[in-house]
Amino acid sequence: QVQLVESGGGLVQAGGSLRLSCAASGRTFRSYAMGWFRQAPGKEREFVASCNWDGGSTIYADSVKGRFTISRDNAKNTMYLQMNSLKPEDTAVYYCSGRYYSSPSTRSGDYTYWGQGTQVTVSS
């Protein structure tokens, strides 16, 4: 099993940047494909980005492509989401997720492990 803890959320003005981190427990972090999802008030959880075990293969939602970058450091058991050119519509709770020995996926149902979420608020 793996436990996931997000951090790095906060309040930022439109056009600004934030970097989210997802710290994972356990020694098998490198065995997991990882993903970021987000959920805005009154909306369903939506896919943001995903990467394979070494970060060499990535998928992005069209809404964040070119602005967000997913990466990971297996030596630190940590995954990141660098968010640039933030927009008010990026406001949401951001969740990291993991799926064991699998490829990246855009579907939330494919992920077994989830963090508690971190709030990102972008003001206009």
Side-chain angles (χ1 to χ4, degrees):
Q1 287 192 352
V2 64
Q3 292 184 327
L4 305 174
V5 178
E6 303 94 336
S7 62
L11 174 65
V12 64
Q13 289 187 334
S17 298
L18 280 175
R19 188 176 80 157
L20 305 183
S21 298
C22 173
S25 65
R27 296 175 292 177
T28 59
F29 177 69
R30 65 188 297 115
S31 300
Y32 289 80
M34 300 295 294
W36 287 99
F37 289 79
R38 66 187 182 187
Q39 187 166 19
K43 295 187 177 181
E44 293 187 354
R45 189 171 298 189
E46 67 173 1
F47 169 75
V48 175
S50 179
C51 68
N52 70 334
W53 73 275
D54 66 352
S57 177
T58 58
I59 308 173
Y60 293 94
D62 288 343
S63 60
V64 307
K65 202 170 294 183
R67 300 188 298 123
F68 292 9
T69 303
I70 188 172
S71 62
R72 63 191 295 167
D73 184 339
N74 288 339
K76 296 182 178 179
N77 278 15
T78 303
M79 175 180 67
Y80 304 98
L81 185 68
Q82 178 66 44
M83 305 186 295
N84 298 329
S85 302
L86 283 161
K87 304 175 181 180
E89 50 263 45
D90 294 318
T91 295
V93 176
Y94 283 70
Y95 299 90
C96 70
S97 56
R99 60 194 300 245
Y100 188 61
Y101 262 128
S102 301
S103 56
S105 173
T106 63
R107 301 184 300 182
S108 60
D110 287 344
Y111 292 83
T112 305
Y113 303 103
W114 293 85
Q116 83 290 348
T118 185
Q119 176 71 47
V120 171
T121 303
V122 184
S123 63
S124 58

According to a 4.5 Å side-chain heavy-atom criterion applied to Ile, Leu, Val, Met, Phe, Trp and Tyr, with indirect links allowed, do M83 and W36 form part of one hydrophobic cluster?
yes
Mind checking whether T121 and V12 have side chains closer than 4.5 Å, heavy atoms only?
-> no
query = Side-chain heavy atoms under 4.5 angstrom apart, residues restricted to Ile, Leu, Val, Met, Phe, Trp, Tyr: same cluster for Y80 and L86?
reply = no
When rounded to the nearest 0.5 Å, the distance separating CZ of F47 from OG of S63 is 9.5 Å
**Message:** Show, in sequence, the C-alpha distance, side-chain angles and deciding distance for Y95 and C22, and conclude whether the side chain to side chain contact (heavy atoms under 4.5 Å, CB included) test is met.
**Reply:** CA-CA 9 Å; Y95 299 90; C22 173; over 6 Å; no
| message | How about NZ on K43, more than 12 heavy atoms from neighbouring residues, nucleotides or ligands closer than 6.0 Å, or not? | response | no
Is there a path of hydrophobic side-chain contacts, each under 4.5 Å between heavy atoms of I/L/V/M/F/W/Y residues, joining M79 to W53? no
Interatomic distance, OG@S21 vs NZ@K76, rounded to 0.5 Å, equals 9.5 Å
Tightest non-hydrogen contact, residues A40 and T91, listed as CB-O, 3.7 Å
To the nearest 0.5 Å, atom OG of S105 lies from atom CD1 of I59 at 6.5 Å
- Item | D90 and K87 ion-paired at < 4.0 Å | no
Value for OG (S102) from CG (D110), rounded to nearest 0.5 Å, stands at 7.5 Å
* Asked: Is there a side-chain contact between V2 and Y100, using heavy atoms and a 4.5 Å cut-off?
  -> no
Between the OH atom in Y111 and the CZ atom in R99, the distance rounded to the nearest 0.5 Å is 6.0 Å
**Prompt:** Is a side-chain donor or acceptor of R67 paired with a backbone partner of S85 at a separation under 3.5 angstrom?
**Reply:** yes
### Message
Please determine whether side chain to side chain donor-acceptor pair (under 3.5 Å) holds for the pair S17 and N84, giving the CA-CA distance in whole Å, both sets of side-chain angles, and the decisive distance to 0.1 Å.
### Response
CA-CA 4 Å; S17 298; N84 298 329; 2.9 Å; yes
Which of V64, V120, V93, L20 passes side-chain contact (heavy atoms from CB on, under 4.5 Å) with R38? It is V64
Note: Y60 and T58 closest approach over all heavy atoms is CE1-OG1, 3.6 Å
Rounded to the nearest 0.5 angstrom, the CE-SG distance for M34 and C96 is 5.0 Å
Mind checking whether Y113 and F29 sit in one hydrophobic cluster, side chains of I, L, V, M, F, W, Y counted as touching below 4.5 Å?
yes
Q.
With clusters defined by side-chain heavy atoms of hydrophobic residues (ILVMFWY) lying less than 4.5 Å apart, directly or transitively, does V122 cluster with Y94?
A. yes
Could you check whether any side-chain heavy atom of E6 comes within less than 4.5 Å of a side-chain heavy atom of L4, counting everything from C-beta outward? no
Open item on the list: Can you confirm whether more than 12 heavy atoms, excluding those of E89, are under 6.0 Å from its CD atom?
Closed with: yes
Between T118 and G9, the two heavy atoms sitting closest are OG1-N, 3.2 Å
Residues P104 and S57: closest non-hydrogen pair is CG-O, 3.7 Å
(message) For a quick check under 3.5 Å, do N52 and S103 share a side-chain donor-acceptor pair by atom type?
(response) no
